[in-house]
Engineer: 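Sharing a structure below in structure tokens format, with a few things to ask.
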Amino acid sequence: MGELTTSDGVRLVYRDTGGDGSPLVMLHGWGQTQEMFRHQLAGLAPTRRVVTLDLRGHGVSEAPHHGYRIARLAADVAELVDHLELDRFDALGWSMGASVWWSFIDQYGTGRLRRFVVVDQPAAVAAVPWMTIEEQQASGAIFDVATLLTLGAALAGPDGERVRYDFVRGMFSGEPDPEILSFVAEQIKATPAHAAVPLLFDHCAQDWRDVLPRIDVPTLVLGCDGSHVHPRSQQFIARQIPDAQLYVFPSTVANSHFPFLENPKAFNSAVNAFLSQE
């Protein structure tokens with residue numbers, strides 16, 4: 001484990017497997033931690049250098065009372081890759097982690113990226129009134145604005161722990177593996193409400209559709225039939241990113257928003273195959 005203090009004084013904790021292989025920087029989703037990728041450190045690291053990070057307010061990184069915006073998280077990641085002197089690297093973002101990479105690309109460009117993997121994240125989360133129904137469905141919008149506000153209030157309220165559990169449970173279809181559900185539900189407890197609520201609001205308020213056509217590095221988009229994120233949103237993303245590849249895990253392989261936990265072998269195989277392409 002390593003530590004980095006950001007330009008605004010926040011201590012972040014990361015893991016770096018080291019080695020001479022091509023670096024892969026992996027970012028977790030909202031309310032989760034770098035422990036989500038516990039199977040990827042072993043499954044991907046033999047052929048490459050893997051870097052994971054607890055974003056601010058998550059896991060064992062510091063949870064200050066400032067900076068809970070996607071743009072600030074992207075700046076944190078930029079400072080991390082500078083700190084590690086990664087001039088060229090592969091990037092993987094799952095859920096909100098993909099949004100952080102989209103913000104990184106929007107602000108800093110793609111010059112340092114070799115390959116990019118997007119895992120199960122809508123291009124826009126909030127179904128805002130100025131989007132047509134067709135645009136909302138294509139982009140993968142999950143909440144209308146009223147529902148988002150209600151969720152934020154509930155997460156910040158006295159019953160926030162139960163609300164978080166229910167939120168996580170909704171990311172699984174059918175009956176989840178009890179160990180995986182328990183693990184995910186436990187990890188989300190590390191993010192306090194003062195971090196989780198404003199960050200969720202900012203995350204859901206973003207619309208990344210204008211960034212997608214400007215991604216000019218080889219990209220793999222991964223979806224999952226059993227996820228609460230509809231696969232058509234991943235199909236839309238793959239159409240918008242020039243020459244992007246798409247793979248959707250069938251529900252017989254993984255049945256949730258967490259394919260890397262449910263079926264690490266299948267997930268690692270798909271990522272390895274893509275990153276190994278010339």
Engineer: Scan residues 218-238 for pairs that pass ring pair (Phe, Tyr, Trp, His ring centres under 6.0 Å), counting only residues two or more places apart or in two chains.
Structural biologist: His228-His257
Engineer: Answer yes or no for Arg69 and Phe201: cation-pi contact, defined as NZ/CZ to six-membered ring centre under 6.0 Å and angle to ring axis within 45°.
Structural biologist: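 Verdict for Phe201: no cation-pi partner in Arg69.
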Engineer: When the ring planes of Phe89 and Trp101 are compared, do they come out parallel, tilted or perpendicular, using 30° and 60° as the limits?
Structural biologist: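 Because their plane-to-plane angle lies in the 30° to 60° range, the rings of Phe89 and Trp101 count as tilted.
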Engineer: Any Lys/Arg nitrogen of Arg56 or Glu62 sitting under 4.0 Å from an Asp/Glu carboxylate oxygen of the other?
Structural biologist: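 Result for this pair is no, no salt bridge flagged.
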Engineer: side-chain hydrogen bond (donor to acceptor under 3.5 Å, both in side chains) with Thr150: which residues, sequence neighbours excluded?
Structural biologist: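 Once residues adjacent in sequence are excluded, Thr150 has no partner under the side-chain hydrogen bond (donor to acceptor under 3.5 Å, both in side chains) criterion.
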Engineer: Tell me, which pairs form a side-chain hydrogen bond (donor to acceptor under 3.5 Å, both in side chains) where one or both residues lie in residues 233-247, sequence neighbours left out?
Structural biologist: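 Found Gln245-Gln277.
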Engineer: Is the distance between the ring centroids of Phe258 and Phe172 less than 6.0 Å?
Structural biologist: yes
Engineer: Angle between ring planes, Trp208 versus Trp102, binned at 30° and 60°: parallel, tilted or perpendicular?
Structural biologist: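 Tilted.
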Engineer: For the pair His58 and His28, name the ring-plane relationship: parallel under 30°, tilted 30 to 60°, perpendicular over 60°.
Structural biologist: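 Geometry flag for His28 against His58: tilted rings.
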Engineer: With sequence neighbours left out, what residues match Arg214 under side-chain hydrogen bond (donor to acceptor under 3.5 Å, both in side chains)?
Structural biologist: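 Scan of Arg214 (side-chain hydrogen bond (donor to acceptor under 3.5 Å, both in side chains), adjacent residues dropped) gives Asp106.
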Engineer: Which hydrophobic side chains are connected to Ile133, either touching it within the sub-4.5 Å cutoff or through other members that do?
Structural biologist: none
Engineer: Test of understanding: with side-chain hydrogen bond (donor to acceptor under 3.5 Å, both in side chains), list the residues that count as partners of Arg112, not counting sequence neighbours.
Structural biologist: Asp82
Engineer: Quick test of your reading of the model: are Asp166 and Arg169 salt-bridged, counting only N-O distances below 4.0 Å?
Structural biologist: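 Judged by the 4.0 Å cut-off on N to carboxylate O distance, Asp166 and Arg169 do not form a salt bridge.
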Engineer: Do we see a donor-acceptor contact under 3.5 Å between the side chains of Glu79 and Ser7?
Structural biologist: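 Indeed, the side chains of Glu79 and Ser7 share at least one donor-acceptor pair under 3.5 Å.
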